Participant: 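Input: one structure, supplied below.
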Amino acid sequence: MDERRKPYPFDQFEPKWQAIWEKQQLFHAPNPGEKDFDHARPKFYVLDMFPYPSGAGLHVGHPEGYTATDIIARYKRMRGFNVLHPMGWDAFGLPAEQYAIKSGQHPAITTRENIAKFKNQLKRIGFSYDWQREINTTDPRYYKWTQWIFLQIYNSWFNPATNKAEPISTYSGKNPDEVRLAYVADVPVNWCPELGTVLANEEVVDGKSEIGRFPVVRRPMRQWMLRITAYAERLLNELDKLDWPEGIKLLQRNWIGRSEGAEIDFKIGKSDQKVRVFTTRPDTLYGGTFLVLAPEHSLVDLIVTEEQWPAVREYREKTARKSDLERSDLSKDKTGVFTGAYAINPATNEKIPIWIADYVLIGYGTGAIGGVPAHDERDLEFAKKFDLPIVIVVQPRGDEPAFGFTGEGIAINSPVINGLTSTEAKKKITAWLEERSLGKGAVNYKLRDWLFSRQRYWGEPFPIIWENGNHRSLGESELPVVPPPLEDYKPTGTGEPPLSKAKVWVRYSEKATRETNVMPQWAGSCWYYLRFCDPHEDRRFVGEQAERYWMSGAKPGGVDLYVGGTEHAVLHLLYARFWQKVLFDLGYVSKPEPFQRLVNQGIILGEDNQKMSKSRGNIVNPDDVIDQYGADAFRCYEMFMGPLEQMKPWSMRGVEGVSRFLARVWRLFMSENQSGDWELSGKIKQIDADKAQQKMTHATIKKVTEDIESFSFNTAISQMMIFVNVFTGVEAIPLSSMRSFLVLLSPFAPHIASELWEQLNTKFADARGDITKQSWPAYDETLLVEDEVEVVLQINGRVRDRMKMSVSATDEEMKAAALANAKIQDRIVGKTVRNVIVVPKKLVNIVAD
RNA sequence: GCCGAUGUGGCGAAAUGGCAGACGCAACGGACUUAAAAUCCGUUGGGCCGUAAAAGGCCCGUGCCGGUUCGAGUCCGGCCAUCGGCACCA
């Protein structure tokens, strides 16, 4: 293509229009109270998941969602909305730091370079972002407020009575540090020696770090935690009113993992000690023949008998050394040790042995279970292995065997609840336990508190200092806390964060030292959508008026449309919801949920149908595509590939096809003169469209409008192709149809639409101004109505003939015409017509045999 | 193991329960051209009958098996395959 002439001169007009948009700041959205703000228009906030600016630059997957949102943004502007469509950078994170370790270059420099590269690439695609609102999570003017929000979390607690966060000052207990939403705890963490940091559960995949795939081991360490579990119920319930894909809601529900059941106390021997267990099947209590504690359970020390100590100690040490991976890998084979102690089953009053086993997790429920081997697979396996008694207490309703039956049935061998269904039995036994103070109904969640500290350099420092072993928050006036420059960014390897090497910085005062952990990468993205509302406000994390305006709406979520990949289904999306709720409870924001509507774009595969990766060498770089085919072709191809949500392979041939379509659009408007220059085609005239042309135009307006609304961008483009095919070769082309068409095309291919619109304006005075300032065309449904339609004639559901009929034909007329049809006649001779089904304007089906 | 998504030509795909394959790619044929590229026009799911060639006709076909219905890619039940998530959560 280099030496050859391009099919249309996109290389000239695409940069031209990008320069015009930038110069005129056409896509800047003023805030309420600012110059040019229009109160009469409704608002629309359309947001992309902002990228991590990696050194590799954009790949074609990024702009897929970005193109979709850009189409929506441009469309909504033409429909009269004030559109907020911003972009920014989630720039804290490991790669820049890893690079710093290797090269010694400060991550801030790497980050700045990568951002410049990303921004340049995005601008070449012609996205209509309001670049005045660009934000960068590593900018002190931004993370000052990330730290500020942390302080709000730190300085509040979750009041169960009001079911919301409140300032810590309202807490009446003795030690507020026990209830803060941000707290310090010694917890078994996922320690990654290679990365020199701990990781959140969510960042560990199959026992390896999500980044780098290095092994991860369990190790107790003192860490900052955020009390997200306090919000489990609300995070679960408030999903209902969000317009998110059901699949994503389900992922979050499963992650939160609510289960209802009971907590039951088992007395230990003759002492006053009790073990509390959680179960979802209190109705199987009579079948409980042993107890199992997690090896780490604090009661173990108190109950183990002399002779069992050595075995217990050895087992506990062995478990502690196992990583999570090993622990679950060996899941097929149950292990455990008897403690020598016994408990009393409160239902049967029988003495049952207490074991420890690593299939019971310290972090879930009470860290102890009642073993009901007859009706729980894991307990059954354990009982078989260690020869523990098995008692059947649930009778299945079908003909399944009761032994090992885990479903719901009828309670048996259980005096208090015999004959009841499992559901009834659960209620009754729980009430029975409550009356005797032996237990109570309880709800448990799989969700754990959020491990919030990292032993890294390139992240937000905590606005916290330590004095005499106690933590204390810095004042708001001391923000931002800026990380000190370091000679050496390497992790210390001991778990001591790199910031501890900056001795001067760490020393806050005579008596106090700074916290040296930093926040995880998720911190900055937990609230960036709020900052976009008002990115330059320096007195508050977001201006109140701006927040109330852009986040407004009748539904709980403030952002009207949020587009990004499924990989953030439970991490970013859950964390952001959590922060939003804390800020909402404390009265800082107006909405309980951040994102009202969520759409996930599918992954784009390489041409070989494999995931794009450096090692496969199948990565497509948007720059190369744009060099060859232009930004409009790139955008349109990304949308033409198939449904947005679907995974689909890239195809350069496909890009070429879409590029040919845009060239046809170009030549519909432009022709080459003698000297080889493009000029407006003389075929375009101010004439009325004939009936068929008018119908095609309105059908196209309708289809494109509806398809944009339903995110069916691929079929919208198909319709525009049909339109162009119809008008290609027409001798006199009606101007009005071309005007409408260009407006429809402009969200998809804004450069060519702008250029052709301008060309029309040089000759015709029927419209004025830039195409981006036009309003979206309306369609007239009456023009789409046909006089005659082709009706399908079927016999027994098989098409036998077709005939033209007036749309106003009655059912009777259609039936009569069908039966009179020659081909139908031929086929039904000698047969009995049993029934005739008439679908108006569509078909007649004759049932005959 | 559990949960979810997907399965339609050579390929990407389209189809409020009503003509399966729109639109695009690829392929083939034609026009233009000294030639090629580009462009334009046409053909293109499979099988069979038919004819000199056409016209035309019939049957099969949306992962597999069954059901509901006048009529099923679409709804229901069971299975298979691929992808994604969770995974000893009591």
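The structure presented is a predicted model; accordingly, all values stated were derived computationally and were not measured. To find a chain, count down the sequence lines: A is the first, B the second, and so on, and within it residues start at 1.
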Participant: Would you mind calling B:rG9 syn or anti? Take O4'-C1'-N9-C4 for purines or O4'-C1'-N1-C2 for pyrimidines, and syn is within 90° of 0.
Facilitator: syn
Participant: Are A:Y629 and A:E656 close enough that some pair of their side-chain heavy atoms sits under 4.5 Å apart?
Facilitator: yes
Participant: Specify the separation, in whole Å, of atom CG of A:N714 and atom C1' of B:rA14.
Facilitator: 8 Å
Participant: Check ring-ring contact (aromatic ring centres under 6.0 Å, His included) between A:F727 and all other residues, then give those that pass, not counting sequence neighbours.
Facilitator: A:F723
Participant: Could you go step by step and tell me if A:R276 and A:D265 meet the salt bridge (charged side-chain N to carboxylate O under 4.0 Å, His left out) rule?
Facilitator: CA-CA 4 Å; A:R276 178 164 292 184; A:D265 291 334; 2.8 Å; yes
Participant: May I ask you to say what A:S259 touches in the nucleic acid, namely base, sugar-phosphate or nothing, with a heavy-atom cut-off under 4.0 Å?
Facilitator: sugar-phosphate
Participant: Please report the distance, rounded to the nearest Å, between CE in A:M647 and C1' in B:rU6.
Facilitator: 10 Å
Participant: Between A:Y637 and A:T67, does any side-chain donor sit less than 3.5 Å from a side-chain acceptor?
Facilitator: no
Participant: Counting any heavy atom closer than 4.0 Å, what does A:N444 reach on the DNA or RNA strands: base, sugar-phosphate only, or nothing?
Facilitator: nothing
Participant: What does the B/S/- profile of nucleotides 67-82 of chain B look like, 5' to 3', with a 4.0 Å heavy-atom cutoff to protein?
Facilitator: ---B------------
Participant: For the base of B:rC19, is there a side-chain donor-acceptor partner from A:K842 under 3.5 Å away?
Facilitator: no
Participant: Stem finding on RNA chain B, please: runs of three or more consecutive Watson-Crick or G-U wobble pairs, both distances under 3.5 Å, sorted by first number.
Facilitator: B:1-7 with B:80-86, B:10-12 with B:23-25, B:27-31 with B:39-43, B:45-49 with B:56-60, B:63-67 with B:75-79
Participant: On a whole-Å scale, what distance lies between the P atoms belonging to B:rU44 and B:rG73?
Facilitator: 22 Å
Participant: What does nucleotides 54-60 of chain B look like as a protein-contact string, B for base, S for sugar-phosphate only, - for none, at under 4.0 angstrom between heavy atoms?
Facilitator: ---SSSS
Participant: Quick one: do the A:T335 and A:Y315 side chains pair a donor with an acceptor below 3.5 Å?
Facilitator: yes
Participant: Is any NZ, NE, NH1 or NH2 atom of the basic residue among A:E638 and A:K648 found under 4.0 Å from an Asp or Glu carboxylate oxygen of the other?
Facilitator: no
Participant: OP1 or OP2 of B:rG12 sitting under 4.0 Å from any side-chain N/O of A:Q646?
Facilitator: no
Participant: Salt bridge or not between A:E408 and A:K426? Use side-chain N to carboxylate O under 4.0 Å.
Facilitator: yes
Participant: Would you mind telling me which residue lines up with the more 5' stretch of RNA chain B, A:T728 or A:D376, judged by nearest nucleotide?
Facilitator: A:T728
Participant: Provide the distance between the two C1' atoms, one in B:rA14 and one in B:rA22, to the nearest whole Å.
Facilitator: 5 Å
Participant: Taking the ring of A:W678 and the ring of A:Y8, is the distance between their centroids below 6.0 Å?
Facilitator: no
Participant: Ignoring hydrogens and angles, write down the donor-acceptor pairs under 3.5 Å from the side chains of residues 368-375 of chain A, residues two or more places apart or on other chains.
Facilitator:
{"from": "A:H375", "atom 1": "ND1", "to": "A:F405", "atom 2": "O", "distance (Å)": "2.8"}
{"from": "A:H375", "atom 1": "NE2", "to": "A:V393", "atom 2": "N", "distance (Å)": "2.9"}
{"from": "A:H375", "atom 1": "NE2", "to": "A:V394", "atom 2": "N", "distance (Å)": "3.1"}

Participant: Can you tell me how far C1' of B:rA90 sits from CD1 of A:I362, to the nearest Å?
Facilitator: 14 Å
Participant: For B:rA13 and B:rU8, measure between their P atoms and round to the nearest Å.
Facilitator: 9 Å
Participant: Suppose you measure atom C1' in B:rU33 against the same atom in B:rA53; what distance do you get, rounded to whole Å?
Facilitator: 31 Å
Participant: For A:Y231, which residues count as a ring-ring contact (aromatic ring centres under 6.0 Å, His included) partner, sequence neighbours excluded?
Facilitator: A:F158, A:F578
Participant: Specify the separation, in whole Å, of atom CG of A:L361 and atom P of B:rA90.
Facilitator: 10 Å
Participant: Looking only at atom C1', what distance separates B:rG17 and B:rU74, rounded to whole Å?
Facilitator: 7 Å
Participant: Please check if any side-chain donor atom of A:T715 sits under 3.5 Å from a side-chain acceptor atom of A:D707, or the reverse.
Facilitator: yes
Participant: What does A:L843 touch in the nucleic acid at a heavy-atom separation under 4.0 angstrom: a base, only the sugar-phosphate, or nothing?
Facilitator: base
Participant: Where do N or O atoms of nucleotides 23-29 of chain B meet protein N or O atoms at under 3.5 Å, pair by pair?
Facilitator:
{"from": "B:rG24", "atom 1": "OP1", "to": "A:N725", "atom 2": "ND2", "distance (Å)": "3.1"}
{"from": "B:rC25", "atom 1": "OP1", "to": "A:R660", "atom 2": "NE", "distance (Å)": "3.1"}
{"from": "B:rC25", "atom 1": "OP1", "to": "A:R660", "atom 2": "NH2", "distance (Å)": "3.0"}
{"from": "B:rA26", "atom 1": "OP2", "to": "A:R660", "atom 2": "NH2", "distance (Å)": "3.1"}

Participant: For nucleotides B:rC75 and B:rA15, find the distance between their P atoms and express it as a whole number of Å.
Facilitator: 14 Å
Participant: Please name all residues satisfying salt bridge (Lys or Arg N to Asp or Glu O under 4.0 Å) with A:E812, sequence neighbours left out, ordered by chain then number.
Facilitator: none
Participant: Measure from NZ on A:K446 to C1' on B:rG85 and round the result to the nearest Å.
Facilitator: 11 Å
Participant: Excluding sequence neighbours, so at least two apart, what forms ring-ring contact (aromatic ring centres under 6.0 Å, His included) with A:W355?
Facilitator: A:F338, A:F382, A:F386
Participant: Given the C1' atoms of B:rG1 and B:rA87, what is the spacing between them in whole Å?
Facilitator: 8 Å
Participant: Ignoring the backbone of A:L250, work out which of B:rC86, B:rG4, B:rC19 is nearest its side chain.
Facilitator: B:rG4
Participant: How long is the line joining NZ of A:K334 and P of B:rC88, in whole Å?
Facilitator: 9 Å
Participant: With nearest nucleotides of RNA chain B determined for A:K648 and A:Y364 from heavy-atom distances, which residue corresponds to the more 5′ nucleotide?
Facilitator: A:K648
Participant: Expressed as a whole number of Å, how far does the P atom of B:rC49 sit from that of B:rC41?
Facilitator: 36 Å
Participant: Which part of the nucleic acid, if any, lies within contact of A:R834, taking any heavy atom under 4.0 Å across all strands shown: a base, the sugar-phosphate backbone alone, or nothing?
Facilitator: nothing
Participant: Can you list, pair by pair, the side-chain donor-acceptor contacts under 3.5 Å of residues 789-801 of chain A, counting residues two or more places apart and other chains?
Facilitator:
{"from": "A:N796", "atom 1": "OD1", "to": "A:A848", "atom 2": "N", "distance (Å)": "3.0"}
{"from": "A:N796", "atom 1": "ND2", "to": "A:A848", "atom 2": "O", "distance (Å)": "3.0"}
{"from": "A:D801", "atom 1": "OD2", "to": "A:N821", "atom 2": "ND2", "distance (Å)": "3.1"}

Participant: Take A:T366 and A:E263, measure what side chain to side chain donor-acceptor pair (under 3.5 Å) needs, and give me the verdict at the end.
Facilitator: CA-CA 8 Å; A:T366 60; A:E263 282 178 359; over 6 Å; no
Participant: Send over the distance from A:F713 CZ to B:rA22 P, rounded to a whole Å.
Facilitator: 23 Å
Participant: Using a cut-off of 4.0 Å on non-hydrogen atoms, how would the nucleic acid contact of A:V792 be classed: base, sugar-phosphate, or nothing?
Facilitator: base
Participant: Would A:E233 and A:Y445 count as having a side-chain donor-acceptor pair, cut-off 3.5 Å?
Facilitator: yes
Participant: Nearest whole Å is fine: how far is B:rG85 P from A:R253 CZ?
Facilitator: 20 Å
Participant: Side chains of A:D358 and A:T319: do they bring a donor and an acceptor to under 3.5 Å?
Facilitator: no
Participant: Counting only heavy atoms and a strict 4.0 angstrom limit, can you tell me which residues of residues 698-708 of chain A come near RNA chain B?
Facilitator: none
Participant: Would you call A:K334 and A:D379 a salt bridge, taking side-chain N to carboxylate O under 4.0 Å as the test?
Facilitator: no
Participant: How would you list, by chain and number, every residue that makes a ring-ring contact (aromatic ring centres under 6.0 Å, His included) with A:F278, sequence neighbours excluded?
Facilitator: none
